[in-house]
Protein chains: 2
Amino acid sequence: MTTRDPQATALARLAALFADETRAACLLALLDGRAWTASELARHAGVAASTLSEHVSRLVAGGLLTEERQGRHRYVRLADARVAQLLEDLAAQVTPERAERPRTLRASSAGSAMARGRTCYDHLAGRLGIAVTDALTARGLLEQERGFALTDAGLAWFASAGIGLERRGRRPLARACLDWTERRPHLAGVAGAALCRHALDTGWCVRIGSERAVRVTAAGERALFDLLGVEAVALR
Amino acid sequence: MTTRDPQATALARLAALFADETRAACLLALLDGRAWTASELARHAGVAASTLSEHVSRLVAGGLLTEERQGRHRYVRLADARVAQLLEDLAAQVTPERAERPRTLRASSAGSAMARGRTCYDHLAGRLGIAVTDALTARGLLEQERGFALTDAGLAWFASAGIGLERRGRRPLARACLDWTERRPHLAGVAGAALCRHALDTGWCVRIGSERAVRVTAAGERALFDLLGVEAVALR
DNA sequence: CGGACGTTTCGGCGCCGGCCGAACCGTCCG
DNA sequence: CGGACGGTTCGGCCGGCGCCGAAACGTCCG
């Protein structure tokens, strides 16, 4: 007891950052990959600004968030893709039991927009994410049966579509991310991020309001069908 | 504030299970994939049996552990591979800063045995795990550059070596698991588990004492060289 | 049957951490 | 310059949780 396992200590300390409902709500909100101000998070989580300030400070100190100060604002975002992945993994573990039906119509429609298409940190999720992942797989661009990897044809497809895949650090090119709403894996990793970025840059999708939900535009439907054979009906 | 996000609640509740040093120590110990009795865990964690009993009950109630009662013993193990993976992910996030040097000779030699070879829930890790993963990759049996997947040749190799790969559930055939000591990915998933099971069954490796560390036998060195070209020096 | 032993329950203690409001600090802008 | 506003710090309150030891329970075994 005098000599505790330092790994256990560190693990407990890390987990403690997630182990508070207010902080968890903030982290899940930040899973949209964008920077939020402290007061936005306070409103979102329903706590006083002072309370939230302390939470954010702990998350930053713990390496889960990075901050950028601009004038009187404190912008904060998830530190990196590793943190986002960890958060996804925890959320995925938890969501099976989230069988509760939404109570209000507003919550229900917001939920269905999220289920239709959303960002998951820096890649696409929801039926949109699944449709793209399935289309890539059906065309032999992505291997799912024996793991999760791009094929030769997949590499060529990204190149021909003008979507650059730059390897940086140890982040894998392709990675599976379990979809909360679909209960199936969708494409994450460098390729997932590049595809999502391209989709938003070229207007295939636009964000709905200030939340994580995205909507596929008419141009996007056309492009997804032309390039991947994604039927518009799969996005409804 | 009256209507809290149920997902945030569930996430915080799950994380809270990891957010205690004693529970974390138990979970890390259970990462050897075997069942421990409550009193073994109490001794390992350095707390009273009564204290540990409550911890174990919480972990079982939270779905992280499953229990088997045999007579007056309560055996407990990680609930499934998903839990083990989550634990690995959390541990991997934490270990980079674990730069502390071991203090005692005993801890140091135990540490070096663990670094040489160990099990990580149900697959091989440490230099042994890395050596096997590298050998598979070098021989074109495993694809790492574009994700983490078995190749056609890889499937054939497992079949010819008499190592069955039965897909059950959604567990991927091949998956990357970040090695704590080597800071590089090693093979996990169905293939990793099958390989580890085969290695222990056929006597390629034996467990050292009652811990997670494993030792490669002379027969194991021969087999690993013959089948995969693994040099014995990579295992030292 | 009776003692040993693994486990659990219970009461009680102490600490940590989340919460708020009030005061304060900096920045922005009219 | 002065008010508005975002953010932070501080003190104080409260609840939850981890810890223990004592007592009870169940099983095993001589």
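Just so it is clear: chains get the letters A, B, ... in the order the sequence lines come, proteins before strands, and each one is counted from 1.
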N/O contacts under 3.5 Å, protein versus nucleotides 26-30 of chain D?
from	atom 1	to	atom 2	distance (Å)
D:dT27	O2	B:Arg72	NH1	3.3

Pairs satisfying salt bridge (charged side-chain N to carboxylate O under 4.0 Å, His left out), at least one member in residues 7-20 of chain A, at least two apart:
none
Over how many whole Å does the gap from B:Trp36 atom CH2 to C:dG6 atom C1' extend?
17 Å
What salt bridge (charged side-chain N to carboxylate O under 4.0 Å, His left out) pairs are there with at least one residue in residues 56-67 of chain A, not counting sequence neighbours?
A:Glu67-A:Arg69, A:Glu67-A:Arg74
So which protein N/O to nucleotides 8-10 of chain C N/O distances come out below 3.5 Å?
from	atom 1	to	atom 2	distance (Å)
C:dT8	OP1	B:Arg69	NH2	2.6
C:dT8	OP1	B:Arg74	NE	3.2
C:dT8	OP1	B:Arg74	NH1	2.9
C:dT8	OP2	B:Ser53	OG	2.7
C:dT8	OP2	B:Arg74	NH1	3.2
C:dT8	O5'	B:Ser53	OG	3.4
C:dC10	N4	B:Glu54	OE2	3.4

Scanning both residues in full, the closest heavy-atom pair of A:Leu87 with B:Leu11 reads CD1-CD2, 3.9 Å
For D:dC17, does either OP1 or OP2 sit under 4.0 Å from a side-chain N or O belonging to B:His55?
no
Round to the nearest Å and state the distance from A:Arg58 atom CZ to C:dC16 atom P.
12 Å
What is the separation between atom NE2 on B:His73 and atom P on C:dA4, rounded to the nearest whole Å?
17 Å
Taking atom types as modelled, find out whether B:Thr119 and B:Arg34 have a side-chain donor-acceptor pair closer than 3.5 angstrom.
no
Mind calculating the distance between CD (A:Glu40) and C1' (D:dC5) to the nearest angstrom?
14 Å
For residues 195-204 of chain B, which residue pairs pass the side chain to side chain donor-acceptor pair (under 3.5 Å) check, not counting sequence neighbours?
B:Thr202-B:Trp204
Rounding to an integer number of Å, can you tell me how far A:Leu41 CG sits from D:dG6 C1'?
13 Å
Strictly distance-based, threshold 3.5 Å: is any side-chain N or O of A:Thr66 a donor or acceptor partner for the main-chain N or O of A:Ala79?
no
Just to confirm, is there a sub-4.0 Å distance from OP1 or OP2 of C:dG17 to any side-chain nitrogen or oxygen of A:Arg23?
no
By ring pair (Phe, Tyr, Trp, His ring centres under 6.0 Å), B:His55 pairs with (sequence neighbours left out) none
Tell me: CG of A:Leu59 to C1' of C:dG18, nearest whole Å?
13 Å
Please report, rounded to the nearest Å, how far the P atom of C:dT27 is from the CD atom of A:Glu68.
17 Å
Main chain of B:Tyr75, side chain of B:Thr37: is a donor-acceptor contact present, judged purely on distance under 3.5 Å?
no
Nearest-angstrom distance from the residue atom CZ of B:Arg43 to C1' of C:dG6
11 Å
Donor-acceptor check, side chain of A:Ser57 to backbone of A:Ser53, threshold 3.5 angstrom: yes or no?
yes
